Each structure stands twice: as C-alpha cells, then as structure tokens.
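A short write-up of the structure that comes next.
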Amino acid sequence: MATLVGLPWMRIRVFPEVAPPFFSQQSICKLCFSPLRRNFSICASADPDGGLPKRVEGEVRVRFAPSPTGNLHVGGARTALFNYLFARSKGGKFVLRIEDTDLERSTKESEEAVLRDLSWLGLNWDEGPDVGGDYGPYRQSERNSLYKQYTEKLLKSGHVYRCFCSNEELENMKQTAELKKLPPVYTGRWAHATDEEVQEELEKGTPHTYRFRVPNEGTLKIDDLIRGEVSWGLNTLGDFVIMRSNGQPVYNFCVTVDDATMAISHVIRAEEHLPNTLRQALIYKALGFPMPHFAHVSLILAPDRSKLSKRHGATSVGQFREMGFLPKAMVNYLALLGWGDGTENEFFTLEGLVEKFSIGRVNKSGAIFDSTKLRWMNGQHLRALPSEELTKLLGEYWKSTGILTESEGLFISEAVDLLKDGIDLVTDAEKALSNLLSFPLYATLSSPDGKSVLEDKLSEVSANLLAAYDSGEFHAALEEGHAGWQKWVKNFGKSLKRKGKSLFMPLRVLLTGKLHGPDMGASVILLHKAGTCGLVTPQTGFLTLDQRFKMLREVDWNTFNKDETQKESAAIVSN
C-alpha cells in the first residue's frame with residue numbers, strides 16, 4: 001500500500017486493481033498513452049508492474065453518490081441498493097458521497113431527505129458525511145482544495161492546459177462544426193499555445209478554464225460487468241474542461257478524483273453515466289490511478305417504456321413512504337427491477353438479498369416499474385408481519401386518523417385479523433375499517449344489485465330477524481362469540497327454510513347494509529363489540545346494532561318497493 005501526500009486532514013490510500021475470484025483478469029483495463037502522438041488505446045490486460053499506487057488485494061469498496069437537488073428517485077434508490085448488496089455480499093464497504101457541486105440547486109434539506117430515505121430503506125452506509133471515515137470529507141463542496149491540487153498536477157504533467165477562449169469564440173466553433181456537419185468539439189485553439197502567450201493572458205487577467213488534452217486517434221474499450229465490452233472512438237470527444245473559469249471543477253473530474261482517492265474498487269451506477277466513462281478513463285490514466293470495475297445498470301422505465309418521470313405518478317422514495325408502503329416491500333421490489341436469483345422466488349428480505357445477490361445476474365434491458373405489482377407485493381409483506389407488529393401498526397394508524405380513541409385492545413386485534421386480507425397499504429386500513437362500521441342500507445337497496453335481494457322476500461327475513469332480536473336470542477348468540485353465531489344462524493336458516501346465499505345475502509344486507517364484505521359472522525360479532533367497547537369515535541357516523549335494528553323496524557317495505565322517489569330520498573338521508 002502506498003501513501004500519497006495529501007491535504008493536512010486527509011490520508012489518500014490507493015490500492016492495486018485486483019480482480020476478485022468472480023471476475024477474470026480480462027476485466028481490468030490498461031491505458032496506453034503517448035503524449036507526443038496524442039493517440040492511445042485501452043486494452044483489457046493487467047498491469048501489475050506499472051508503478052501505480054496499490055490497493056489492498058480483494059478489498060471491495062463501492063459508493064452511492066447522490067446529488068442533493070431533489071428527492072431520492074426510485075432509480076437512484078435501486079442503484080444504492082445494488083451497491084449496498086454488492087458490498088455486503090463481498091464483505092466490503094458501502095460509501096455515501098454527496099455530490100453537491102451544483103451550488104445553485106443543492107440544498108441541505110434535500111441532502112437530509114436523501115439520507116432519511118436511505119435510512120428508511122435500511123441501506124446503512126459505512127462511511128459518509130454523517131458517520132465520517134478515513135477518506136473524507138464526503139461532500140464534494142468540501143473537497144475543492146483537493147480538486148485544485150490535482151488540476152495543478154495535471155497542468156504540470158501537460159495533460160491539462162489553460163484555455164482563454166471566450167464564450168463567443170466557443171459558440172462560433174460550435175456553429176462552424178454544425179455547418180460542416182462535424183461533432184461540436186473544441187478545436188484546440190489554446191492546446192499548443194506558447195508559454196509567452198499564456199503568460200500574457202494571465203497578466204491581463206483573462207478568465208480561463210482548464211482543458212484536458214484528448215488523443216485525437218484511437219478507441220477506448222471497457223469490460224462492463226453488466227453490459228460486456230463497450231467501446232468509444234476518441235475522435236468525437238475533443239479537449240474537455242475539467243475546471244471552470246470560476247474555479248469550480250466539472251462533474252467528471254470530481255467523480256474521478258473522488259473515486260480514485262476514496263479507493264473505490266467498483267463503480268455501479270445508472271447507464272446514463274456510461275458516456276462519462278470515456279472522460280473519466282482518460283483522467284484516471286493521467287493521474288496515475290488504476291480504474292475501478294464499471295457496472296452500468298439499465299434505466300427504470302414507465303409502462304409505456306419511456307423513462308420513468310413525475311408524469312407517471314409517484315417516483316420518489318419519500319412519496320411511497322408517505323403513501324404507506326413498507327421499506328421491506330420497497331427494497332424487495334426495487335431489487336427485482338432488473339435482477340433475479342434464477343428461481344421463481346419473488347420474496348426476499350434485505351438479508352436474503354445480500355445472500356443471493358450477484359452483479360452477474362443484473363439484466364442489461366430496462367425494467368418496467370409496475371405500481372400495481374409494488375402495491376400487491378407490499379400487501380404480501382404487510383400480512384407477513386408478526387401478528388403483534390401488524391396489530392400495533394394498524395391500531396396506531398386507526399387512532400391517528402381519528403376513527404378510534406385507542407390503538408390497542410381486543411377489538412383492534414380482531415379488526416386487524418378480519419380486515420388484513422383487504423389491506424395492501426397501511427393507509428388502506430382507514431377505508432377498510434370505515435367500510436366495516438358504515439351502514440348504507442338504503443343506498444344498497446336503491447342500487448340495481450340490491451333489487452334482487454329485495455325481491456327475495458327481504459321484508460320477511462327482516463321481520464324474523466327483528467323477532468330474534470326482540471326475544472334476546474340474537475344478542476345472546478353474539479355474546480357467545482363465533483360458536484354462538486354459528487349455532488344461531490343455522491337454526492335461523494332452518495326456521496325460514498333457507499340456506500347458502502339465500503340465507504346469508506339478506507342477513508348481510510340487513511345487518512351490515514352491504515352486499516359484499518369480509519366474513520359475515522366475524523363482521524357482525526365485531527360490530528357488536530364496536531357498539532360496547534367505546535373505542536369508535538362519534539365522527540365516524542357508526543350505527544350500533546341496536547340503532548340498526550331500530551332503522552329496520554321503521555322501514556315501510558311496501559312503499560320502499562314501489563316508490564322509487566321514496567328510495568332516492570331514503571338513500572340521501574342514509575348517506
């Protein structure tokens with residue numbers, strides 16, 4: 001391991017590029033560069049004797065480097081997840097670096113939101129702006145002196161030169177290239193300036209940038225761990241800026257310096273960064289640092305196969321958190337966007353993903369983001385929670401929404417057990433319980449689907465049900481719980497010579513006011529308890545069973561069947 005002289009607060013450790021056992025030596029790139037001829041090629045071969053600084057053999061260090069200019073997009077979250085899984089599966093380090101060189105758009109609030117979302121997903125980092133580490137600072141805005149140091153190094157070695165072209169001159173070059181149907185590359189106006197010419201401009205105080213000398217011939221090839229061999233021609237690049245005239249470094253320069261000085265061994269990032277590799281590879285060679293292994297992950301696409309954006313709905317991790325999604329479900333779903341373990345299994349914990357993950361199984365093609373599938377998967381994870389955890393989660397939610405006055409108790413645990421199959425998101429729980437407690441009797445009977453129930457002598461069933469209530473028989477059955485209900489409903493059906501749908505549909509309508517719902521016996525028993533436990537708040541509009549029987553007693557069935565106006569008015573009153 002070599003130790004380089006860095007800034008007072010920083011130790012820069014650089015390690016050799018050593019391919020772990022699961023990579024072949026062919027994935028390591030060597031740059032062959034001739035400053036005089038200005039052409040070179042990159043070929044896949046190891047260079048153990050190249051005199052470059054050394055890395056610890058086999059050490060895996062990856063990084064996620066978000067820009068704090070907005071919320072954490074699900075695409076960024078998936079990139080972070082793949083980096084995390086790769087690091088953990090190889091016993092390596094997961095580094096968080098904040099790329100905040102866009103001073104106008106970067107905000108502290110956005111940075112905090114990104115960190116909060118990553119923590120919510122369970123993607124804990126080993127080094128970063130809040131936890132420190134041996135390779136800090138971990139915000140690019142705090143590393144400017146380092147970028148200037150390496151700019152000076154490149155200037156002295158001749159890989160970089162000062163460019164005094166004005167914006168007007170650069171625009172003219174671009175327009176000329178367009179007219180000639182050539183790539184809009186820099187023509188090299190200051191690439192061969194004499195020391196005297198440069199000194200003259202410096203003495204005049206002419207603003208200048210720093211440009212990297214790009215070979216005008218040759219190709220660059222890399223062995224991408226996901227996409228295979230990728231190559232570019234150098235004749236379309238032109239000398240590019242690494243430092244602006246205001247002293248701010250350019251993205252590709254910052255990233256290369258940071259990845260090199262932080263000893264990053266593998267760069268796993270979105271495929272939209274693939275073109276950046278060309279510039280970064282040149283900078284790596286010029287600085288004398290080994291390149292990391294690159295892996296470019298495909299984009300996340302909308303159902304119409306366009307790039308997923310806000311116009312397709314929720315796209316940020318924070319939005320999904322607020323919508324009631326579980327972090328377990330989000331992690332599970334994001335992992336399946338472009339990756340699989342080769343089996344039919346779709347359900348993984350974060351720990352299970354670490355055990356199964358391999359970068360070789362990440363697909364090159366774009367992955368479709370299916371919000372319906374995500375919702376379904378969340379429901380599976382929600383119902384897989386331990387009973388106590390699920391009850392606590394939904395109980396607290398019901399209390400927070402104002403439906404219930406308490407968040408725990410027998411009524412709540414039974415409500416969770418009855419309703420959980422219809423809840424895919426925590427936020428679904430409010431509607432599920434409100435629907436159970438509601439009694440839209442007149443609205444149901446006024447509906448087209450309610451007509452058949454009315455015509456099946458519903459008034460006769462109602463009369464017999466009222467008789468069972470008045471005798472105390474119905475109430476006594478509910479007090480006995482499920483066994484009592486089962487015994488009562490069986491006898492009630494025999495007395496009316498009804499069974500199956502002919503028995504249960506009219507009972508459901510009369511007792512719950514609805515045509516469909518969860519298990520009727522459990523629903524009626526829970527409604528009975530809701531009327532006695534005192535947990536249901538008045539604003540829910542809940543009608544107890546006693547109040548429901550009172551309403552049934554007041555129904556004029558003959559008028560209800562004949563007079564549509566009466567039904568419409570009754571429906572309005574009921575609603």
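Worth saying up front: this structure is predicted, and the values here are computed from it rather than measured. Heavy-atom basis, side chains included; hydrogens, waters and symmetry copies ignored.
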**Message:** If only side-chain N and O atoms count, and only distance matters, is there a donor-acceptor pair under 3.5 Å linking Ser365 with Asn363?
**Reply:** no

**Sub-6.0 Å ring centroid separation between Phe348 and Trp339** = yes

**Message:** Walk me through whether Phe320 and Phe369 qualify under ring pair (Phe, Tyr, Trp, His ring centres under 6.0 Å).
**Reply:** CA-CA 13 Å; Phe320 287 108; Phe369 190 89; 5.7 Å; yes

**Message:** Students often mix this up, so state it plainly: with edges at 30° and 60°, are the rings of Phe549 and Tyr469 parallel, tilted or perpendicular?
**Reply:** parallel

**Message:** Using side-chain heavy atoms (C-beta onward) and a distance below 4.5 Å, is Arg97 in contact with Val255?
**Reply:** yes

**Message:** Looking at every heavy atom in both Asp100 and Gln140, which two are closest together, and how far apart are they?
**Reply:** OD1-N, 3.3 Å

**Prompt:** Within the side chain of Ser110, is there an N or O that forms a donor-acceptor pair under 3.5 Å with the backbone of Gly70?
**Reply:** yes

**Message:** If I take atom CD from residue Gln319 and atom CD from residue Glu322, how far apart are they, to the nearest 0.5 angstrom?
**Reply:** 7.5 Å

**Item:** Donor-acceptor side-chain pairing of Thr277 and Gln280 below 3.5 angstrom
**Value:** no

**Item:** Residue that, paired with Val331, satisfies side-chain contact (heavy atoms from CB on, under 4.5 Å) out of Thr349, Leu326, Leu121
**Value:** Leu121

**Fill in**
Minimal heavy-atom distance between Ser447 and Leu515, with the atoms involved, is OG-CD1, 4.4 Å

**Prompt:** Given the rule in the side-chain contact (heavy atoms from CB on, under 4.5 Å) test, do Asp224 and Glu229 qualify, once you have shown the distances and angles that lead to the verdict?
**Reply:** CA-CA 6 Å; Asp224 191 279; Glu229 185 179 285; over 6 Å; no

**Candidate list Asn83, Asp258, Asp259, test side-chain hydrogen bond (donor to acceptor under 3.5 Å, both in side chains), partner Arg63, passing option** = Asp259

**Asked** Do NZ/NE/NH1/NH2 and the carboxylate oxygens of Lys93 and Glu127 come within less than 4.0 Å?
**Response** no

**Asked** Which is it for His381 and Asn378 under the side chain to side chain donor-acceptor pair (under 3.5 Å) test, yes or no, and what are the steps along the way?
**Response** CA-CA 5 Å; His381 278 275; Asn378 193 83; over 6 Å; no

**Message:** Using modelled atom types and a 3.5 Å cut-off, is there a donor and acceptor pairing between side-chain atoms of Ser438 and backbone atoms of Pro440?
**Reply:** no

**Message:** If you apply the rule side-chain contact (heavy atoms from CB on, under 4.5 Å), what do you find for Lys420 with Leu390, and how did you get there?
**Reply:** CA-CA 9 Å; Lys420 63 183 180 182; Leu390 180 59; 4.1 Å; yes

**Asked** Counting only N and O atoms by type, is there a donor-acceptor contact under 3.5 Å from the side chain of Arg321 to the main-chain atoms of Asp117?
**Response** no

**Item:** Any side-chain donor near an acceptor of the partner, Ser306 and Asp304, under 3.5 Å
**Value:** yes

**Prompt:** Looking only at atom types and distance, does a side-chain atom of Thr537 sit under 3.5 Å from a main-chain N or O of Thr405, one as donor and one as acceptor?
**Reply:** no

**Asked** Which of these passes side-chain contact (heavy atoms from CB on, under 4.5 Å) with Thr512: Leu527, Leu507, Leu437, Leu441?
**Response** Leu527

**Request:** Please collect all ring-ring contact (aromatic ring centres under 6.0 Å, His included) contacts where either partner lies in residues 487-536, sequence neighbours excluded, each pair once.
**Result:** Phe474-Trp488, His475-His528, Trp485-Trp488, Trp488-Phe492

**Request:** Just do the side-chain contact (heavy atoms from CB on, under 4.5 Å) check on Asp424 and Trp376 with the steps written out, would you?
**Result:** CA-CA 6 Å; Asp424 287 332; Trp376 170 81; 5.6 Å; no

**Message:** Looking at Glu142 and Arg139, is there a salt bridge between them, counting it only when a charged N and a carboxylate O are closer than 4.0 Å?
**Reply:** yes

**Check against side chain to side chain donor-acceptor pair (under 3.5 Å), Thr343 and Asp341** = CA-CA 6 Å; Thr343 71; Asp341 70 343; 2.7 Å; yes

**Message:** Quick check on the 6.0 Å ring-centre criterion: do Phe357 and Phe82 meet it?
**Reply:** yes

**Request:** Could you tell me whether Glu112 and Lys108 make a salt bridge, using a distance below 4.0 angstrom between a side-chain N and a carboxylate O?
**Result:** no

**Message:** For a side-chain contact (heavy atoms from CB on, under 4.5 Å) check, start with the C-alpha distance between Tyr333 and Val74, then their side-chain angles and the critical distance, and finish with the verdict.
**Reply:** CA-CA 10 Å; Tyr333 184 69; Val74 291; over 6 Å; no

**Complete:** Checking Val362, Val354, Val60 against Phe86 for side-chain contact (heavy atoms from CB on, under 4.5 Å), the one that qualifies is Val60

**Message:** Can you tell me how far apart NZ (Lys307) and CD (Glu272) are? Round to the nearest 0.5 Å.
**Reply:** 4.0 Å

**Request:** Would you mind checking if Arg116 and Glu109 are paired as a salt bridge, meaning a charged N to carboxylate O distance below 4.0 Å?
**Result:** no

**Message:** Let me confirm one number: the CZ-OG1 distance from Phe439 to Thr444, rounded to the nearest 0.5 Å.
**Reply:** 8.5 Å

**Where Tyr84 and Asn124 come nearest, the two heavy atoms and their spacing** = CE1-O, 3.5 Å

**Asked** Do Leu115 and Ile98 come close enough that some side-chain heavy atom pair is under 4.5 Å?
**Response** yes

**Within residues 392-418 or reaching into it, pairs that qualify as ring-ring contact (aromatic ring centres under 6.0 Å, His included) - sequence neighbours excluded** = none

**Approximate separation, where rounding is to 0.5 Å, of Ser358 OG and Lys356 NZ** = 11.5 Å

**Prompt:** More than 12 foreign heavy atoms under 6.0 Å from CD of Glu408: is that the case here?
**Reply:** no

**Asked** Can you check whether Leu458's main-chain N or O pairs, donor with acceptor, with Ser462's side chain at less than 3.5 Å?
**Response** no

**Asked** Is a side-chain N or O of Arg61 found less than 3.5 angstrom from the main chain of Ser265, in a donor-acceptor match?
**Response** no

**Request:** Can you measure from NE2 (His273) to CG (Asn252) and round to the nearest 0.5 angstrom?
**Result:** 9.5 Å

**Message:** I need the Leu535 CG to Lys399 NZ distance, nearest 0.5 Å.
**Reply:** 10.5 Å

**Flag, side chain of Glu111 to backbone of Pro68, donor-acceptor distance under 3.5 Å** = no

**Request:** Report yes if some heavy atom in the side chain of Leu436 is under 4.5 Å from a heavy atom in the side chain of Leu433; otherwise report no.
**Result:** yes

**Request:** May I ask you to say whether Asp428 pairs ionically with Lys431, meaning some side-chain N is under 4.0 Å from a carboxylate O?
**Result:** no

**Enclosure of Lys514 NZ (heavy-atom neighbours >12, cutoff 6.0 Å)** = yes

**Message:** On a heavy-atom basis, which atom in Ser298 and which in Arg227 lie closest, and how many Å separate them?
**Reply:** N-NH1, 4.0 Å

**Prompt:** Does a side-chain heavy-atom distance below 4.5 Å link Leu478 with Leu545?
**Reply:** yes

**Request:** Give a yes or no answer on whether the side chain of Thr79 reaches the backbone of Gly75 with a donor-acceptor pair at less than 3.5 Å.
**Result:** yes

**Fill in**
Here the pair of heavy atoms bringing Leu526 nearest to Ala415 is CD2-CA, 3.5 Å

**Prompt:** Leu350 versus Leu81: any side-chain heavy-atom pair under 4.5 Å?
**Reply:** yes

**Request:** Determine yes or no for a side-chain-to-main-chain donor-acceptor pair under 3.5 angstrom, with Glu430 supplying the side chain and Thr427 the backbone.
**Result:** no

**Prompt:** Hey, are the side chains of Pro506 and Arg498 touching, using non-hydrogen atoms and a 4.5 Å cut-off?
**Reply:** yes

**Prompt:** Closest heavy-atom contact between Met323 and Leu425?
**Reply:** O-CD1, 3.7 Å

